[in-house]
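Before any comments, here is the structure.
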Protein chains: 2
Amino acid sequence: MSSTIDLLRTSGVKVTPGRVRVYEALAAAAQPLSHADLEARLPDADRVTLYRVLDTLVVCGLAMKAVDARGVFRFSASGAQSEHRRHAHFRCTDCGRVFCLKDAPPPPPKLPRGFRLADAEYDLRGTCANCARAHHK
Amino acid sequence: MSSTIDLLRTSGVKVTPGRVRVYEALAAAAQPLSHADLEARLPDADRVTLYRVLDTLVVCGLAMKAVDARGVFRFSASGAQSEHRRHAHFRCTDCGRVFCLKDAPPPPPKLPRGFRLADAEYDLRGTCANCARAHHK
DNA sequence: CAATATTTGCAACACTGTTGCATTTGCAAC
DNA sequence: GTTGCAAATGCAACAGTGTTGCAAATATTG
Ligand SMILES: [Mn+2]
Ligand SMILES: [Mn+2]
Ligand SMILES: [Zn+2]
Ligand SMILES: [Zn+2]
């Protein structure tokens with residue numbers, strides 16, 4: 001069980017109280033959190049600092065960023081960076097939860113000449129088992 | 001070839017110049033258009049009216065609304081939507097343009113028992129040929 | 001402890017989308 | 001064609017989300 005401080009240090013970023021608290025809020029959450037969700041959980045945090053801390057966590061691989069159905073970014077802790085890059089994700093449009101799938105992400109398709117691929121994401125949406133059952137009963 | 005006016009009338013909404021122009025811009029577009037894209041194509045249109053027209057087209061079934069990777073809503077004429085489901089898209093993080101790729105999207109991976117797939121999108125990001133060249137000079 | 005590169009807090013801003021309200025307009029009934 | 005009215009439009013003001021510039025504070029290194 002490695003501490004949040006160790007995680008940050010290992011990821012090569014400075015350890016600051018803001019980063020520790022934000023990461024721990026993400027890790028403790030059952031669902032991906034929006035910036036507004038985090039402001040509610042950390043009332044003392046500065047708005048802009050919060051955006052920048054989230055950005056840092058994403059860049060260093062400790063968090064994942066995805067857009068929800070309303071067009072708002074949601075963040076979730078990703079214990080190990082390489083873990084989530086090796087599989088696709090499924091987002092339930094009912095409850096908002098994100099599930100990690102077993103299968104490897106598909107290989108990127110051919111790009112036109114001169115194009116450079118920086119990042120790829122296979123985004124699957126639908127209803128999870130829980131919500132499908134609840135919906136159906 | 002049914003006219004836009006007929007389409008609107010059949011959908012049970014009033015026929016106005018704004019609705020005709022917006023629908024035709026969507027139908028003529030190669031990719032889903034954001035509100036900003038449409039403002040550029042229809043410089044005389046009022047911002048708010050444009051939002052309301054788009055909303056009307058979605059409600060009456062003539063357009064589809066989806067959120068893109070930046071969290072911005074993009075609209076497409078209903079007929080065109082099925083077209084874009086048959087290939088993946090590449091978004092240039094420099095200029096923001098979206099390119100339709102030739103290859104078919106990869107087959108969806110196996111989902112856990114009870115999960116229902118509603119929609120899938122293979123989202124590729126990077127720099128397009130133009131921006132890569134400009135960046136490199 | 002001192003040096004310094006990062007990070008923070010704050011103000012100001014940009015972009016996306018919404019609401020209220022007075023005016024205009026599409027369309028149906030006459 | 002004229003009239004009446006519900007619906008659509010234009011405009012101003014606003015709310016939410018995210019960004020940028022810059023001075024002050026602070027985490028790390030030595
Ligand atoms: Mn995952
Ligand atoms: Mn396409
Ligand atoms: Zn669910
Ligand atoms: Zn580009």
Side-chain angles (χ1 to χ4, degrees), chain A residues 3-23 25 32-60 62-75 96, chain B residues 3-23 25-26 32-60 62-75 91 93-98 125:
Chain A
S3 72
T4 302
I5 290 181
D6 290 341
L7 274 179
L8 285 165
R9 219 179 290 282
T10 302
S11 301
V13 298
K14 284 188 181 175
V15 178
T16 67
R19 286 171 182 174
V20 172
R21 276 186 309 229
V22 171
Y23 178 81
L33 301 181
S34 67
H35 177 272
D37 292 336
L38 283 160
E39 267 195 294
R41 281 167 173 73
L42 307 169
D44 295 336
D46 176 75
R47 256 174 49 77
V48 177
T49 300
L50 191 43
Y51 276 114
R52 292 199 267 229
V53 164
L54 287 167
D55 205 35
T56 299
L57 293 179
V58 169
V59 166
C60 79
L62 289 178
M64 294 200 320
K65 179 181 187 177
V67 66
D68 76 5
R70 283 205 339 270
V72 174
F73 292 122
R74 305 195 90 94
F75 301 85
Chain B
S3 74
T4 303
I5 290 182
D6 290 342
L7 275 178
L8 285 165
R9 219 178 289 281
T10 302
S11 302
V13 298
K14 284 188 183 175
V15 178
T16 68
R19 287 171 181 174
V20 172
R21 277 185 308 226
V22 170
Y23 178 81
L26 290 181
L33 301 181
S34 67
H35 176 272
D37 292 336
L38 283 160
E39 266 194 295
R41 280 167 174 72
L42 307 170
D44 294 337
D46 175 74
R47 256 172 50 75
V48 177
T49 301
L50 191 43
Y51 277 114
R52 292 199 268 228
V53 164
L54 286 167
D55 206 33
T56 299
L57 293 179
V58 169
V59 167
C60 79
L62 289 178
M64 314 229 81
K65 179 182 187 178
V67 64
D68 77 3
R70 282 203 341 266
V72 174
F73 291 122
R74 304 196 89 95
F75 300 85
R91 185 171 55 79
T93 50
D94 276 29
C95 65
R97 265 183 295 187
V98 175
R125 280 155 292 181

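Chain identifiers are assigned alphabetically (A, B, ...) following the order of the sequence lines, protein sequences preceding nucleic acid strands; residue numbering begins at 1 within each chain.
For residues 8-19 of chain A, the set of pairs meeting the salt bridge (Lys or Arg N to Asp or Glu O under 4.0 Å) definition, not counting sequence neighbours, is empty. The salt bridge (Lys or Arg N to Asp or Glu O under 4.0 Å) contacts involving residues 39-55 of chain B comprise nothing, where partners must be two or more places apart or lie in separate chains.
Note that the CD1 atom of B/I5 and the OG1 atom of B/T10 stand 11.5 Å from one another [nearest 0.5 Å]. Atom CG in A/L54 sits 5.0 Å away from atom CG in A/L50 (nearest 0.5 Å). Atom CG of A/L57 sits about 9.0 Å away from atom CZ of A/F75, to the nearest 0.5 Å. To the nearest 0.5 Å, the span separating OG1 on B/T49 from CG on B/L42 amounts to 11.5 Å.
Looking at B/V59 and B/V13, their side chains never come closer than 4.5 Å, going by heavy atoms from C-beta outward.
Within residues 40-55 of chain B, the residues approached by DNA chain C to less than 4.0 Å at the level of any non-hydrogen atom are B/R47, B/V48, B/Y51, B/R52, in residue-number order.
Taking atom CG on B/D68 and atom C1' on C/dT16, their separation rounds to 12 Å, with Å as the unit. Separating the CG atom of B/L33 from the C1' atom of C/dT16 is a distance of 16 Å, rounded to the nearest angstrom.
Under the rule for a side-chain hydrogen bond (donor to acceptor under 3.5 Å, both in side chains), the partners of A/S34 that lie at least two apart in sequence or sit in another chain are A/D37.
Closest non-hydrogen pair, A/A25 versus A/L38, comes out as CB-CD2, 3.8 Å.
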Open item on the list: Once pairs are restricted to Watson-Crick or G-U wobble with both distances under 3.5 Å, how does DNA chain C read as a dot-bracket string, [ ] for crossings and | for other-strand pairs?
Closed with: ||||||||||||||||||||||||||||||

Report all interatomic pairs (protein N or O, nucleotide N or O of nucleotides 23-26 of chain C) with separations under 3.5 Å.
{"unit_1": "C/dG26", "atom_1": "O3'", "unit_2": "B/V15", "atom_2": "O", "d": "3.3"}

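With a heavy-atom cut-off of 4.0 Å to chain B, the contacted part of DNA chain D has its first and last nucleotide at D/dA6 to D/dA12.
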Could you list the donor-acceptor pairs under 3.5 angstrom formed between side-chain atoms of residues 62-70 of chain A and any protein atom two or more places apart in sequence or on another chain?
{"unit_1": "A/D68", "atom_1": "OD1", "unit_2": "A/R70", "atom_2": "N", "d": "2.8"}
{"unit_1": "A/D68", "atom_1": "OD1", "unit_2": "A/G71", "atom_2": "N", "d": "3.0"}
{"unit_1": "A/D68", "atom_1": "OD1", "unit_2": "A/V72", "atom_2": "N", "d": "2.9"}
{"unit_1": "A/D68", "atom_1": "OD2", "unit_2": "A/R74", "atom_2": "NH1", "d": "2.9"}

